[in-house]
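To start, the structure itself, in structure tokens.
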Amino acid sequence: MSAANKEIGPPVIELGVMGWLRKNLFSNWYNSLLTIFGLYLLYILIPPLVNWIFLDANFVGSTRDDCTNEGACWIFIQQNIKLIFYGLYPTEELWRINFVYLILFISGVYLLIPNLKHKGWVGAFLLIIFPIICVVMLSGGLGLEAVETRLWGGLFLTLVIAGVGIVLSLPIGVMLALGRRSKLPVVSILCTIFIEIWRGVPLITVLFMASNMFPLFMPEGVNFDKLIRALIGVMFFSAAYLAEVVRGGLQAMPKGQYEASQAVGLTYWRMMALVILPQSLKMVIPAIIGSFIAIFKDTTLVLVIGLFDFLGIIQFVGTNPDWLGFSHEGYVFAAAVFWVFCYGMSWYSQRLEKKLDTGR
Amino acid sequence: MSELMIEMKNVHKWFGELHVLNDINLEINKGEKIVICGPSGSGKSTLIRCINRLEEHQRGNIIVEGTELTNDSRSIERIRGEVGMVFQQFNLFPHLSILDNCSLAPIWVRKLPKAEAKQKAMEYLKRVQIDDQAHKYPAQLSGGQQQRAAIARALCMEPRIMLFDEPTSALDPEMIKEVLDVMVGLAQGGMTMIVVTHEMGFAKEVADSIIFMDEGQIVEAKNPKDFFDNPESERTKTFLSQIL
């Protein structure tokens, strides 16, 4: 390259704020038109929304009569917050739920901070010991008063169903995917049938079956908790979808990876655990998280079998005569909370992808 | 006295209707270096892949170090532990660092303690001269470096036999030599090697015998001098005239 060439920079027109605007928003006449139309849409949508949610909203008070401003009446949410977050769980036992949240929060933060030691142990604690703590703390035992699951509700119930569904469905889904690709015909056929049956049935039907049909097949006197039945339904439903996602990842693996693992003497399970699954699961992280988000939102369907999840209980408190007419606030609040959780998962998946990226 | 390492007796294999291995008979002694060449589709890769059971032969016997290859998974595992393999496409594990690529099998198959496995991996990486790349991932290395890492990975299992399946065919020309140098060094160290390659310079330098295959058969097997100077078969002559 000659010295003269080095001194020529990119054309000034492409530099700076003006350059960026010109390149991205006003590059030609229809692009400019779209930009102006977009700005107009923002102009007519954003100010009224901000006014309704924040500026004109009512935040202080205790009854509907305190909602004198034109905007949203957040007092409605505030007054019902215990129901919305915990359902009918006895007030004096709420510390048990909060205690579980606290453990989850502390371990979660610990796992998210980069470069801390003993993350493996914290992870193992979360996967093995924490569920036991949850069962004892939440449903009672070891001297703690029993709390029936029909009293569970609100955001707490949503998190229990989604959490159990997500955590258990991944390993089951992986096993189903491996089974479907197995060379043993019996295993492969059984897994395929299982996957296709669960995928072919709407979740709402699964829940109905779990709630109403299942007891008919059980001997007299045997009675599974309704929540547990719903959990099992959600878990298998999610596992069937995950199985297909994981299978996609397994099929994308180059044959050479299997051959290289075999050539160094790894047995089938070690090859899968050490070489194939780490790579193929990494490839399908976006699809796995997509499934998780879907199942998180689908938990709202448990309302049809009489479990009052987060959305269900918000609808329920909206029918309270004291608070009739505030369903807008309820739905906006529900949407915001769902969004926070779903976006959280999405954010985490992107972070995970970046962290695990080793080039290819 | 020579010790018999690999014995193939009347080995046949078909892919569907295609007869890819047709009555292969082969005896390889300890320390021998065999080069296999032949046109593409002649069955040379399939032949060496049968030795560590990446392909299953359908007739005949393959005996590696006294153990016959059968469907018994224990015999397969034992043989895979003794036989290292290097692939055309390297097939390093892209999610692991070079060091972890090398120490994975010693840790999980040989049950070596982690520290010891890593130390040994470093020794072999030094031997193929990429110990300075040990903590990088495969995608960060050049093709030649990746292939040398793949050789180190195979050596870490301390195999008694090494199979090379066209180890330099996927490399840019300027990287072929660095890989061949490592292989020559290995040969001089006394390793039993079976190499599928078209690098005739390498064959001349290290091979004890060169096998020419065509259409699933061993057409000619001779020491390098006779192979290049007095090929008997017309097919061998044609092949040699095309590649030399």
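Proteins get letters first, then strands, A, B, ... in listed order; numbering begins at 1 in each.
In this structure, A:Lys282 does not pair ionically with A:Asp357, as no charged nitrogen and carboxylate oxygen lie closer than 4.0 Å. The residues B:Lys120 and B:Glu116 are annotated as not salt-bridged, no charged nitrogen and carboxylate oxygen being separated by less than 4.0 angstrom.
At a 4.5 Å heavy-atom cutoff, the contact between B:Glu77 and chain A is made by side-chain atoms alone. Residue contact with chain A, scored on non-hydrogen atoms closer than 4.5 Å, involves the side chain of B:Arg49 exclusively. Only the side chain of A:Thr267 comes within contact range of chain B, with at least one heavy atom under 4.5 Å from a heavy atom of that chain. Residue B:Val83 touches chain A through its backbone alone, counting heavy-atom pairs closer than 4.5 Å. Heavy atoms of B:Phe93 lying under 4.5 Å from chain A belong to its backbone as well as its side chain.
Side chain of A:Ser188 to backbone of A:Arg180: a donor-acceptor contact under 3.5 angstrom is found. The closest donor-acceptor contact from the side chain of B:Asp172 to the backbone of B:Glu174 lies at 3.5 Å or more, if one exists at all. Looking at B:Gln146, its side chain does come within 3.5 Å of a backbone N or O of B:Pro138 through a donor-acceptor pair.
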